[in-house]
Each structure stands twice: as C-alpha cells, then as structure tokens.
Amino acid sequence: MSDRPPREPRRPGSRPPFTSRPGAPGAPRWAKGGGGGNKGGGKPPSWAGADDVALLYGWHTVAEAIGNPQRRFRRLRATENAIHRLEEEGLTPPIPPEIVRPGDIDKLLGADAVHQGLLAEVDHLPSPRLKDIAKTDLVLVLDQITDPHNVGAIVRSAAAFAVSAIVTTARHSPAATGVLAKSASGGLEHVPFCLVTNLSRALTELKDNGMLVVGLDSEGPADLEDTPMRAPLALVLGAEGKGLRQLTRETCEVLARIDLPGAIKSLNVSNAAALSLGMARRVMKRG
C-alpha cells in the first residue's frame, strides 16, 4: 500500500470548511510551497490532503476525534505504542488502524511535527447554520485571522469556555486541519466552524436573530469588563496588527477594548481571545 494518502475528488455538493489547496489564500503555511509551517523551516509534508479531507495528528487531537461520533475516519496510522495507549484509555478507533513506525509518519508530516504516533485522515465536520447558532448563548467571530497556530489556540480556548461555534469566512482563514488541529488540542471536536461568505452580512443576521454583537477594538469606548453584555452574545476579534476591518467594525453593535495594567499594552490574538471569553462569561453571569 502506498504511503501517500488518496487524493479523492470533492464529492458533489460538498464544501470543505476551509481551503486546503497548496498555495490557496489562507492555506496553512505547511500547505504552501515554502514549508514555513515547520519550526525548523524544513521540507513541507509530502501531501496537503484532498479538499474534503482533514489531517489530524497528535494524541489529544486524534483521541478527541475518536471520541466524536460525528467524525468520519478514512484512514488511521498508529504506532504500536500509540495503539497500546488507546487501549489503556479505553478508546476504540472507528476503523482498524494501520500499524506503522514513527518514521513513517515523520515522512508524511515532517520531522518537526509532534505526532505522538497518531495520524488520521478524516472528513471535515459539518458547518452549522447561522440561524441555529444565533439561538446559543456565546459565539466567537474571527475577522480574517489567518495564522493556523493562533486560530488553533483560539479554538482550544473556545472549547474551554463553552463557545457554541466560531464564525469565520471560508476565504482568508486557515484550513481546519494539520497545524491548526494540532494547536487546538482536540478543540475542533467541540467547537464547530460556521462558514460564511460575507462576514458583515453574517453579523447582521446574528443581530436580526437577537444576538448582541460586540467587537474588540483598541479604540473602543470602554473596557470589555465594564461593558454591559448579555446572552446571546457574539464576540468579534480581528487579525493581529490590522484589527477589525472597517465594515466589520461598523456592523458591530458595541465596541470594547481590553485595558492592560502592564508596560505592554497589546496581546497575541489567541491570548486576547481567551481573556475576552473569560470576561464575557463573568459579565454574563453577573447580569
């Protein structure tokens, strides 16, 4: 059997959560020609996956996917040690794993990828509808945040704070696979992505369905912790450096900033997401 995963054509009517074609806008760095996704700047993986296939690796990422009945597995590679650990944890993969050596997975992912003996090819999870997530209490909206490490860390925080969904555009967003999935540490199985074409129209629809839309902006009139918030709530974060785009900012009902007491007055966007979600939960609980 070939070590190269199958490149299946996209199923009729299917829509991948994010673009994953090498070189496409918003594709993760390892899926582009330069191999910049590896810390050491080594060669990129030998494949980028078909449009409708997500690549998951690492213990927490794959273990959480195994525990998610909505995940459809296509192929699972595992070392003997990883299989023993799955057995010890009481996790039964939905398909029989192919036993491989760690070096076999290294060849596919690159030597710098921390895969812990697990590599899975799975279908992307379905994208929920806006009108459905508008009925939930807390949603996170990402305005063209493109770094897969940052988005993955945001997904992990979103899962920790019981965010019901993350709204983002299908373009200008990293693929829900590979580096992003690893950084999310299993969070992808708990926080679905709601994919939209136009973010400002999506925010308008959320507002029309009763959601309070609050955008994080350094020029906001008040600190987020002092800003009245109630459920259902949508928190909107912009890209690091750029912040919210003008139309996104204008569509938000409320703008708020995060005041920091120290000498450094700005945070990495994933840290800002975790802090703002904690604040939002506290304010909503008080209200």
Start with the C-alpha gap between His115 and Asp106, add the side-chain angles, then the distance that decides, and say whether side chain to side chain contact (heavy atoms under 4.5 Å, CB included) holds.
CA-CA 8 Å; His115 54 74; Asp106 290 340; 2.7 Å; yes
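- In this structure, the side chains of Lys265 and Arg257 stay at 4.5 Å or more apart for every pair of heavy atoms.
- Not counting sequence neighbours, the partners of Glu225 by the side-chain hydrogen bond (donor to acceptor under 3.5 Å, both in side chains) test are Arg282.
- Hydrophobic clustering (ILVMFWY, side-chain heavy atoms < 4.5 Å, transitive): Val155 and Val122 are in distinct clusters.
- Side-chain contact between Val283 and Thr227 is absent, with no heavy atoms from C-beta onward closer than 4.5 Å.
- Among all heavy-atom pairs drawn from Pro128 and Pro126, the shortest one is CD-O, 3.6 Å.
- Counting all heavy atoms, side chain and backbone alike, Cys252 lies closest to Val236 at SG-CG2, 4.0 Å.
- Inter-residue side-chain proximity for Ile166 and Val151 is flagged as unmet; no heavy-atom pair is nearer than 4.5 Å.
- With contacts defined as side-chain heavy-atom distances shorter than 4.5 Å, the pair Lys242/Asp143 does not qualify.
- Here the shortest heavy-atom pairing between Ala256 and Asp223 reads CB-C, 4.5 Å.
- Heavy atoms from other residues, nucleotides or ligands lying under 6.0 Å from CZ of Arg71 number more than 12.
- The two residues Ser185 and Thr61 have their closest heavy-atom pair at CA-OG1, 4.1 Å.
- Ile66 is listed as a side-chain neighbour of Phe73, based on a closest heavy-atom distance under 4.5 Å.
- Val179 is not connected to Val62 by any chain of hydrophobic side-chain contacts under 4.5 Å among Ile, Leu, Val, Met, Phe, Trp and Tyr, and they are in different clusters.
- Between Leu180 and Leu188 there is a side-chain heavy-atom pair separated by less than 4.5 Å.
- Here the CD atom belonging to Glu88 is positioned 9.5 Å from the CG atom belonging to Leu86, to the nearest 0.5 angstrom.
- Remark: His190 NE2 is packed, more than 12 non-hydrogen atoms of other residues, nucleotides or ligands lying under 6.0 Å away.
- Every salt bridge (Lys or Arg N to Asp or Glu O under 4.0 Å) that Arg101 has, sequence neighbours left out, goes to Asp104.
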Checking Glu189 against Leu56 for the side chain to side chain contact (heavy atoms under 4.5 Å, CB included) test, could you report, in this order, the C-alpha distance in whole Å, the side-chain angles of both residues, the deciding distance, and whether it holds?
CA-CA 11 Å; Glu189 311 308 316; Leu56 308 181; 4.2 Å; yes
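- Electrostatic pairing of Asp137 and Arg281 counts as a salt bridge here, judged by a charged N lying under 4.0 Å from a carboxylate O.
- In this structure, CG in Leu109 is found 5.5 Å from CG in Leu55, a value given to the nearest 0.5 Å.
- Considering all non-hydrogen atoms of both residues, Ser276 and Ile258 come closest at CB-CD1, 4.2 Å.
- Nearest heavy atoms, Lys182 versus Tyr57: CD-O, 3.3 Å.
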From CA spacing to verdict: side chain to side chain contact (heavy atoms under 4.5 Å, CB included), Glu205, Arg129
CA-CA 11 Å; Glu205 184 173 342; Arg129 298 180 300 178; over 6 Å; no
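- Rounding to the nearest 0.5 Å gives a distance of 11.0 Å between CG of Leu244 and CD of Gln144.
- If you take CD on Glu87 and OG1 on Thr92, they are separated by 8.5 Å, rounding to the nearest 0.5 Å.
- The local environment of CD in Glu80 is sparse, with at most 12 non-hydrogen atoms from other residues, nucleotides or ligands closer than 6.0 Å.
- Both Leu235 and Leu267 are assigned to one and the same hydrophobic cluster, defined by single-linkage of ILVMFWY side chains at heavy-atom distances under 4.5 Å.
- With hydrogens and angles disregarded, a donor-acceptor distance shorter than 3.5 Å links the side chain of Ser164 to the backbone of Leu138.
- Under the 4.5 Å side-chain heavy-atom criterion for Ile, Leu, Val, Met, Phe, Trp and Tyr, Leu260 and Leu224 are members of the same hydrophobic cluster.
- Note on Ile145 and Val214: same hydrophobic cluster, where clusters join Ile, Leu, Val, Met, Phe, Trp and Tyr whose side-chain heavy atoms are under 4.5 Å apart, directly or indirectly.
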List the steps and the verdict of side-chain hydrogen bond (donor to acceptor under 3.5 Å, both in side chains) for Asn268 and Ser270.
CA-CA 6 Å; Asn268 171 281; Ser270 63; 2.4 Å; yes
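- Counting only distance, with no hydrogens or angles, the side chain of Thr169 and the backbone of Leu199 share no donor-acceptor pair below 3.5 Å.
- Here the straight-line distance linking atom CG of Asp226 with atom CE of Met279 works out to 9.0 Å at 0.5 Å rounding.
- Proximity of Val213 to Thr251: side-chain heavy atoms (C-beta onward) are nowhere separated by under 4.5 Å.
- One N or O on the side chain of Arg230 and one on the backbone of Pro232 form a donor-acceptor pair closer than 3.5 Å.
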Give the intermediate values and the outcome of side chain to side chain contact (heavy atoms under 4.5 Å, CB included) for residues Arg201 and Val196.
CA-CA 9 Å; Arg201 284 203 297 266; Val196 299; over 6 Å; no
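- Contact of the Thr136 side chain with the Met211 side chain is registered, since non-hydrogen atoms from C-beta on lie closer than 4.5 Å.
- Atom-to-atom distance recorded for Glu240:CD and Asp147:CG is 8.0 Å, nearest 0.5 angstrom.
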